[in-house]
Amino acid sequence: MSSITTHLRRNQYGNFRLTDAIRPGPGLSIFPAEGYRVGMYRDSYTGKTLPMLSAAISAEKIFDLFLELIVPLGTTVHVILESSHDGSRDSVRCCRRTDIDTPVLSSYCWEFENLLLNDGCTALSVLADRKRLEVQFDEHKLFHVYGKRLKPFEKILENYGIPLNNELKLICEDEHLHHSTVRFQDEFQQLAERLGAELPSRVLSDSDDNGW
């Protein structure tokens, strides 16, 4: 077995377990670890800033934690479902659904749990209604929370034993590999249809590495 094959099959780093969606690059300059950090997000177009929380969570608890993180957003939310299944890492397709009950969204997420956890080309963002607050579950299976009040989300992370580490390095910040399949591409379309999401449009995204 080649060294690269061995590397791609490895999903455990200490106590931290990766989903099948992502792997660090062969050089392993960032050692995957669990934790969260708090900082500021700056919009490159408007120049405005907003408090931001980013978290890396071990695979065995990531899905349950996601469903808890969207609860503070309220009983009705908006959803953005993102895909890069066409193989182009410099753009994504966005499907949008407004005004969906949070319990209904959670039930769809349960139905497509495998897609959301293990597809490196699917991302899901949940936005609060009538306030600037967002939880993003990105392609790297990292959480990003944007909002003026992050304390409720920090409390949820603390209840799961996730440590605060403002020096935390995320897997997306260095060479890394995304994993997907044709089946996941089909499931993405099924989820978009179940959500009643609008037809996708093209938006720019940061460039990533090639998938494996």
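Keep in mind the model is a prediction, meaning the values are calculated, not measured.
The salt bridge (Lys or Arg N to Asp or Glu O under 4.0 Å) pairs that include a residue from residues 24-35 are E34-K61, where partners are two or more places apart or lie in different chains. Sequence neighbours left out, the pairs with a member in residues 108-121 that pass salt bridge (Lys or Arg N to Asp or Glu O under 4.0 Å) are E111-R194.
Between L69 and L73 the shortest heavy-atom distance is O-CG, 4.4 Å. Heavy-atom minimum distance, P24 versus L18: CD-CD1, 3.8 Å.
F143 and Y146 fall into different hydrophobic clusters, where Ile, Leu, Val, Met, Phe, Trp and Tyr residues are linked whenever their side-chain heavy atoms come under 4.5 Å apart, directly or through other members. Hydrophobic clustering, with ILVMFWY side chains joined whenever heavy atoms are under 4.5 angstrom apart, groups V135 together with L117. Under a hydrophobic clustering in which Ile, Leu, Val, Met, Phe, Trp and Tyr are joined whenever their side-chain heavy atoms come within less than 4.5 Å, directly or via other members, M52 and L164 fall into different clusters. In the hydrophobic clustering of this structure, I80 does not group with F66; members are Ile, Leu, Val, Met, Phe, Trp, Tyr whose side-chain heavy atoms approach within less than 4.5 Å, directly or through other members. When hydrophobic clusters are built by joining Ile, Leu, Val, Met, Phe, Trp and Tyr residues whose side-chain heavy atoms come closer than 4.5 Å, directly or via intermediates, L65 is grouped together with V126.
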* To do: Let me see the working for L116 and C109 under side-chain contact (heavy atoms from CB on, under 4.5 Å), right down to the final yes or no.
  => CA-CA 8 Å; L116 295 173; C109 290; 3.9 Å; yes
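You'll find the side chain of F137 reaches within 4.5 Å of the side chain of I62, heavy atoms only. Side-chain contact between I171 and K141: absent, with no pair of heavy atoms (C-beta onward) separated by less than 4.5 Å. You'll find the side chain of V79 reaches within 4.5 Å of the side chain of L124, heavy atoms only. Looking at heavy atoms from C-beta onward, S106 lies in side-chain contact with I70 at the 4.5 angstrom threshold. R37 is not listed as a side-chain neighbour of E167, based on a closest heavy-atom distance of 4.5 Å or more. Contact annotation: the side chain of R10 never approaches that of R23 to less than 4.5 Å [non-hydrogen atoms, C-beta and beyond]. Side-chain atoms of L195 and C95, non-hydrogen and from C-beta on, never get closer than 4.5 Å to each other. The side-chain heavy atoms of D129 and V77, taken from C-beta on, include no pair separated by under 4.5 Å.
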Got a list of side-chain donor-acceptor pairs under 3.5 Å for residues 152-161, not counting sequence neighbours?
{"residue": "E154", "atom": "OE1", "partner": "Y36", "partner atom": "OH", "Å": "3.1"}
{"residue": "N159", "atom": "ND2", "partner": "K155", "partner atom": "O", "Å": "3.4"}
{"residue": "Y160", "atom": "OH", "partner": "E68", "partner atom": "OE2", "Å": "2.7"}

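Here the CG-OG1 distance, from D101 to T76, works out to 5.0 Å after rounding to the nearest 0.5 Å. Taken to the nearest 0.5 Å, the NE2 atom of H179 stands 9.5 Å off from the SG atom of C121. Atom CG of residue N11 and atom CD1 of residue I22 lie 13.5 Å apart, to the nearest 0.5 angstrom. Taking OG1 of T19 as the start and NE2 of H140 as the end, the distance is 11.0 Å to the nearest 0.5 Å. Between atom CD1 of residue I30 and atom SG of residue C172 there is a gap of 7.5 Å, rounded to the nearest 0.5 Å. For the atom pair H178 NE2 and H176 NE2, the distance stands at 3.0 Å (nearest 0.5 Å).
No donor-acceptor pair closer than 3.5 Å links the side chain of D43 to the backbone N or O of K48. Between the side chain of T49 and the backbone N or O of M40 there is no donor-acceptor pair closer than 3.5 Å. Side chain of H78 to backbone of T98: no donor-acceptor contact under 3.5 angstrom is found. In this structure a side-chain-to-backbone donor-acceptor pair under 3.5 Å is missing from K169 to D174. With Q12 contributing its side chain and G14 its backbone, the two residues share a donor-acceptor pair below 3.5 Å. In this structure a side-chain-to-backbone donor-acceptor pair under 3.5 Å is present from T102 to T75.
In this view, P163 satisfies the side-chain contact (heavy atoms from CB on, under 4.5 Å) rule with no residue, not counting sequence neighbours. Scored by the salt bridge (charged side-chain N to carboxylate O under 4.0 Å, His left out) test, R149 finds no partners at all (sequence neighbours excluded). In this structure R42 satisfies the salt bridge (charged side-chain N to carboxylate O under 4.0 Å, His left out) test with no other residue, sequence neighbours excluded.
Side-chain polar atoms of T122 and E139 form no donor-acceptor pair below 3.5 angstrom. Looking at H144 and S54, their side chains do bring a donor and an acceptor atom within 3.5 Å of each other.
Geometric assessment of R17 against the ring of Y13 yields a negative cation-pi assignment under the 6.0 Å and 45° thresholds.
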